[in-house]
**Q** 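Handing you this structure, nothing more for now.
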Protein chains: 2
Amino acid sequence: MHRPEHLKNAGLKSTLPRLKVLDLFENGKERHLSAEDVYKQLLGSGEDVGLATVYRVLTQFERAGLLVRHHFEGGKSVFELNKGEHHDHILCLQCGHVEEFHDKAIEARQEKVAGELGFAIRDHSLQLYADCTRKKCPHKP
Amino acid sequence: MHRPEHLKNAGLKSTLPRLKVLDLFENGKERHLSAEDVYKQLLGSGEDVGLATVYRVLTQFERAGLLVRHHFEGGKSVFELNKGEHHDHILCLQCGHVEEFHDKAIEARQEKVAGELGFAIRDHSLQLYADCTRKKCPHKP
DNA sequence: TTGCAAATAAGAACGATTATCATTTGCATA
DNA sequence: TATGCAAATGATAATCGTTCTTATTTGCAA
């Protein structure tokens with residue numbers, strides 16, 4: 001466990017709210033959390049954090065490369081730990097579960113298409129909205 | 001020009017604001033417009049529409065299948081005419097220009113990946129954020 | 001024409017996020 | 001270990017995109 005160093009390396013003081021937020025992402029059961037999710041879970045654990053602090057910390061962690069921000073449908077930002085390797089997401093329309101995937105063929109085609117149109121890709125965003133085909137829909141029923 | 005019939009078919013009365021909005025999308029120079037874009041352009045043309053009406057009309061047109069809504073980065077919804085055939089988007093990071101593309105190989109891989117994970121795709125969203133590689137960046141400099 | 005349901009404009013209300021600011025805290029230094 | 005100060009915090013106001021409310025206007029069928 002070297003969370004404090006992560007913060008230090010990012011030029012951020014090691015404060016209680018920051019450690020708590022990091023802990024949520026590293027040890028919580030959901031990998032993908034909105035600011036409100038984080039806020040409510042911290043309040044539920046008896047932590048006394050402000051919502052403004054949660055927003056600030058999430059943005060700082062994103063800038064520091066500790067978290068990645070996603071813009072799924074629904075208007076609110078969703079964050080997850082930055083594990084280094086890029087991936088895209090499937091969102092289950094029934095249970096809200098978020099599954100990750102990475103497909104080299106898709107990425108290669110993206111590069112090809114962009115190149116033909118005269119663009120160099122800097123970033124991309126791909127989400128699949130889908131229904132579970134098995135009934136082992138693994139989360140909220 | 002059969003705009004009024006489009007509206008009638010959608011169960012919508014043929015009103016001035018609705019015709020003006022449709023006209024903007026059909027004959028304006030930008031294909032992709034936010035609610036604010038539409039509102040400002042109408043005001044600029046001397047039309048006296050309310051912002052609330054613009055939002056309502058855009059939502060109705062989306063429900064009627066006349067427009068398609070996109071959620072690009074930046075928080076605001078962007079609409080375009082529904083031409084029937086699905087496509088994805090490249091957004092130029094320099095000029096803000098939106099280019100459309102469609103790649104069967106990408107779509108096929110999406111189906112494959114989702115199927116392997118036990119999902120049936122209902123919808124998807126793919127955006128490429130890119131830099132122009134030619135200097136003929138065709139819009140706002 | 002006239003009547004009435006549908007549509008409108010203006011502004012209040014809303015949810016997510018950001019800014020403000022007085023108070024508190026981490027931590028380098030004495 | 002005590003202390004000073006910049007950085008961080010929490011409460012709250014403000015902002016931004018969007019939706020709701022309501023009194024008024026309008027399309028259109030009779």
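Below, each value reflects all heavy atoms present in this structure, side chains not excepted, and no hydrogens, waters or symmetry copies. In the text below, chain A, chain B and the rest are named by the order of the sequence lines, each starting its count at 1. Quantities reported herein were computed from a predicted structural model and do not represent experimental measurements.
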**Q** In whole angstrom, what separates B:Leu58's CG from D:dT18's P?
**A**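 Going from B:Leu58 (CG) to D:dT18 (P), I get 9 Å.
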**Q** Specify the separation, in whole Å, of atom CZ of A:Arg63 and atom P of D:dA7.
**A**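 Atom-to-atom, A:Arg63 to D:dA7, this comes out as 13 Å.
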**Q** If you check the B:Lys8 side chain, which of D:dA29, C:dT8, C:dA16 turns out closest?
**A**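 My answer, after comparing the listed nucleotides, is D:dA29.
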**Q** For the side chain of B:Ser45 and the backbone of B:Gln41, is there at least one donor-acceptor N/O pair under 3.5 Å apart?
**A**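 Pair found, side chain donor or acceptor close to backbone of B:Gln41.
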**Q** Between the protein and nucleotides 18-26 of chain C, which nitrogen or oxygen pairs are less than 3.5 angstrom apart?
**A**
none

**Q** Once you round it to whole Å, what is the distance between C1' of C:dT8 and NZ of B:Lys20?
**A**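 That distance rounds to 16 Å.
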**Q** Over 60° means perpendicular and under 30° means parallel, so tell me whether B:His86 and B:His124 are parallel, tilted or perpendicular.
**A**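 B:His86 and B:His124: perpendicular rings.
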**Q** Please check if A:Leu24 and A:Leu19 belong to a single hydrophobic cluster, counting links between Ile, Leu, Val, Met, Phe, Trp and Tyr side chain heavy atoms closer than 4.5 Å.
**A**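 Same hydrophobic cluster.
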**Q** Listed by chain and number, what are the side-chain hydrogen bond (donor to acceptor under 3.5 Å, both in side chains) partners of B:Lys40, not counting sequence neighbours?
**A**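 Partners of B:Lys40 by the side-chain hydrogen bond (donor to acceptor under 3.5 Å, both in side chains) criterion, ordered by chain and then number, come out as B:Glu36.
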**Q** Taking only heavy atoms on the protein side, list every residue of residues 38-49 of chain A lying under 4.0 Å from any atom of DNA chain D, sorted numerically.
**A**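 Per residue number, the list reads A:Asp48, A:Val49.
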**Q** Using whole Å, report how far CZ of B:Arg18 lies from C1' of D:dT25.
**A**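 The distance from CZ of B:Arg18 to C1' of D:dT25 comes to 14 Å, rounded to the nearest Å.
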**Q** How is the hydrophobic cluster of B:Val98 composed, in terms of its other members, when Ile, Leu, Val, Met, Phe, Trp and Tyr link through side-chain heavy atoms under 4.5 Å apart, directly or indirectly?
**A**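 B:Phe72, B:Val78, B:Leu91, B:Leu93, B:Tyr129, all in the cluster of B:Val98.
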**Q** Would you tell me if any nitrogen or oxygen in the side chain of A:Ser77 comes within less than 4.0 Å of OP1 or OP2 on C:dA16?
**A**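 Answer no for this pair, as no side-chain N or O of A:Ser77 is under 4.0 Å from OP1 or OP2.
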**Q** Restricting to side-chain hydrogen bond (donor to acceptor under 3.5 Å, both in side chains), what partner residues turn up for B:Thr15, sequence neighbours left out?
**A**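 B:Thr15 satisfies side-chain hydrogen bond (donor to acceptor under 3.5 Å, both in side chains) with no residue once adjacent residues are dropped.
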**Q** If you check every side-chain atom of A:Pro17, which of C:dA7, C:dA9, D:dG10 has the closest atom?
**A**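 Closest of the options to the side chain of A:Pro17: D:dG10.
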**Q** Send over the distance from A:Lys76 NZ to D:dT18 C1', rounded to a whole Å.
**A**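 Distance check: A:Lys76 NZ to D:dT18 C1' gives 15 Å.
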**Q** By nearest atom, which of the nucleotides C:dC27, C:dA16, D:dT9 is closest to the A:Glu36 side chain?
**A**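 When the side chain of A:Glu36 is considered, C:dA16 is the closest of C:dC27, C:dA16, D:dT9.
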**Q** Taking all heavy atoms of B:Leu7 and all of B:Ser14, pick out the closest pair and write down the distance.
**A**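 Here B:Leu7 and B:Ser14 meet closest at CD1-CA, 3.9 Å.
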**Q** Which pairs pass ring-ring contact (aromatic ring centres under 6.0 Å, His included) with one or both residues in residues 18-38 of chain B, sequence neighbours excluded?
**A**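 Checked against ring-ring contact (aromatic ring centres under 6.0 Å, His included) - neighbours excluded - the pairs reaching residues 18-38 of chain B are B:His32-B:His89.
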